[in-house]
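The structure appears right after this line, and notes come after that.
Note that these values count all heavy atoms, side chains included, but never hydrogens, waters or copies made by symmetry.
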Amino acid sequence: MEKGSTKDQILEAALELFSVKGFEATSVSQIADAVGIRKSSLYSHFASKQDILDTLTEEILVLVDKHSMFSEVDRKSAEFEKVLETMTVENVTNQIKGQVRFVIHDPNVSKARKMLVIEQFQNPTLSKMHTRQNYENAMNYFIDFFKGLIEKGKLKNEDTMIMASQFCLPITVWMNLCDREPEREDEVMELIERHVQQFFKVYGKE
């Protein structure tokens with residue numbers, strides 16, 4: 001989100017409040033107060049609190065897609081084939097660490113993730129987004145990734161759903177740990193490196 005205009009300030013203030021209080025517990029008046037404008041002035045930019053949320057989620061999804069390793073490549077393309085052909089444990093490790101750093105350090109993405117955690121049991125739309133962003137996107141990518149590596153004879157022929165779960169879910173837990181305890185980031189990066197190396201040692205073909 002670009003800063004400067006009143007509309008951008010409203011979005012920034014709303015995301016800050018949503019990430020701390022949640023969407024449902026935040027009022028339009030609180031957002032207006034945080035920006036330093038009247039509630040009536042806010043309505044000249046957005047029709048409702050839901051309109052603010054819809055705009056926020058659209059902008060953040062664009063941001064995430066732009067930087068996500070899971071949306072960079074069409075998995076039926078020649079480009080993805082090249083990714084499979086040139087795969088090394090080192091480049092997978094670096095990609096994962098780069099993705100985790102982006103997710104935990106980008107202020108808008110970090111706040112959006114916290115909002116989704118708060119709202120996952122209250123707002124059905126945000127609950128689905130939370131599942132998609134924190135589970136389905138990564139799982140679907142790595143299921144296809146491991147299937148491709150199996151077909152190329154680089155990995156053992158095992159259940160790719162279980163392989164993707166074993167690979168992705170510890171990383172998700174470690175990202176959540178960094179959200180709560182950011183001082184442990186170096187520890188998490190080391191764990192990710194060891195995790196990726198061991199995964200390919202277990203499933204790699206001799």
If you look at every heavy atom in [X] and [Y], which pair is closest and at what distance?
X	Y	answer
C178	E185	SG-CA, 3.8 Å
I31	A13	O-CB, 4.3 Å
F102	V109	CZ-CG2, 3.8 Å
Q120	V117	NE2-O, 3.0 Å
D106	N108	OD1-N, 3.1 Å
A34	L17	CB-CD1, 4.3 Å

Residues 160-169 vs side chain to side chain donor-acceptor pair (under 3.5 Å), sequence neighbours excluded, gives Q166-Y203
Which side chain to side chain donor-acceptor pair (under 3.5 Å) pairs, counting each pair once, include a residue from residues 35-53, with sequence neighbours left out?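 Applying side chain to side chain donor-acceptor pair (under 3.5 Å) to every pair that reaches into residues 35-53, excluding sequence neighbours, yields Q50-D54.
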Going from [atom1] on [X] to [atom2] on [Y], what distance comes out if it is rounded to the nearest 0.5 angstrom?
X	Y	atom1	atom2	result
E59	L11	CD	CG	5.5 Å
K114	R180	NZ	CZ	11.5 Å
T55	F46	OG1	CZ	5.0 Å
R194	Q197	CZ	CD	9.5 Å
I10	L42	CD1	CG	4.0 Å
F145	N140	CZ	CG	15.0 Å

Does the pair I192 and V196 meet the rule for a side chain to side chain contact (heavy atoms under 4.5 Å, CB included), with working shown? CA-CA 6 Å; I192 289 172; V196 176; 4.3 Å; yes
Shared hydrophobic cluster, [X] / [Y] (ILVMFWY, side-chain heavy atoms < 4.5 Å):
X	Y	value
M139	V92	no
I60	I118	no
I96	L149	yes
V103	V100	yes
V173	L191	no

Under the side-chain hydrogen bond (donor to acceptor under 3.5 Å, both in side chains) test, which residues partner E193, sequence neighbours left out?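 Partners of E193 under the side-chain hydrogen bond (donor to acceptor under 3.5 Å, both in side chains) test: K97.
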Using the test side-chain hydrogen bond (donor to acceptor under 3.5 Å, both in side chains), find all partners of T88 that sit at least two apart in sequence or belong to another chain. N91
The test is side chain to side chain contact (heavy atoms under 4.5 Å, CB included); show your working for I52 and L56 and say whether it passes. CA-CA 6 Å; I52 295 173; L56 272 174; 4.3 Å; yes
Crowding at CD, E183 (>12 non-hydrogen neighbours, <6.0 Å): yes
Any chance CD of Q198 has more than 12 other-residue heavy atoms, nucleotides or ligands included, within less than 6.0 Å?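 It does not: Q198 CD has 12 such atoms or fewer within range.
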With the side chain counted from C-beta on, respond yes when V188 and I104 share a heavy-atom pair under 4.5 Å apart, and no when they do not. no
Mind checking whether T57 and T125 have side chains closer than 4.5 Å, heavy atoms only?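 Side chain of T57 against side chain of T125, heavy atoms only: no contact under 4.5 Å found.
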Keeping to residues at least two apart or across chains, list the salt bridge (Lys or Arg N to Asp or Glu O under 4.0 Å) pairs with something in residues 116-140.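 Salt bridge (Lys or Arg N to Asp or Glu O under 4.0 Å) check on residues 116-140 returns no pairs.
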Quick one: does K205's side chain have a donor or acceptor within less than 3.5 Å of a partner on N157's backbone?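 Between the backbone of N157 and the side chain of K205 there is no qualifying donor-acceptor contact (under 3.5 Å).
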Quick check: does any side chain N or O of T26 sit under 3.5 Å from a backbone N or O of G22, one acting as donor and the other as acceptor?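 Yes, T26 side chain to G22 backbone: donor-acceptor pair under 3.5 Å.
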Taking salt bridge (charged side-chain N to carboxylate O under 4.0 Å, His left out) as the definition, give me every residue that meets it alongside [X], ordered by chain and number, with sequence neighbours left out.
X	answer
D179	R113
E85	K152
E151	none
E158	none

Who else is in V20's hydrophobic cluster (ILVMFWY, side-chain heavy atoms under 4.5 Å, direct or via others)?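 For V20, no cluster forms, as it stays isolated from other hydrophobic side chains.
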Evaluate side chain to side chain contact (heavy atoms under 4.5 Å, CB included) for K154 paired with L84, printing each intermediate quantity in order. CA-CA 9 Å; K154 294 188 175 186; L84 296 172; 5.9 Å; no
Taking only residues two or more places apart in sequence or in another chain, which ones pass ring pair (Phe, Tyr, Trp, His ring centres under 6.0 Å) with F146?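 Expected list: F142, F167, F199.
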Would you list the pairs meeting ring pair (Phe, Tyr, Trp, His ring centres under 6.0 Å) in which at least one residue belongs to residues 115-139, sequence neighbours left out? none
Verdict with supporting geometry, I150 and M163, side chain to side chain contact (heavy atoms under 4.5 Å, CB included): CA-CA 11 Å; I150 288 168; M163 291 170 73; 4.2 Å; yes
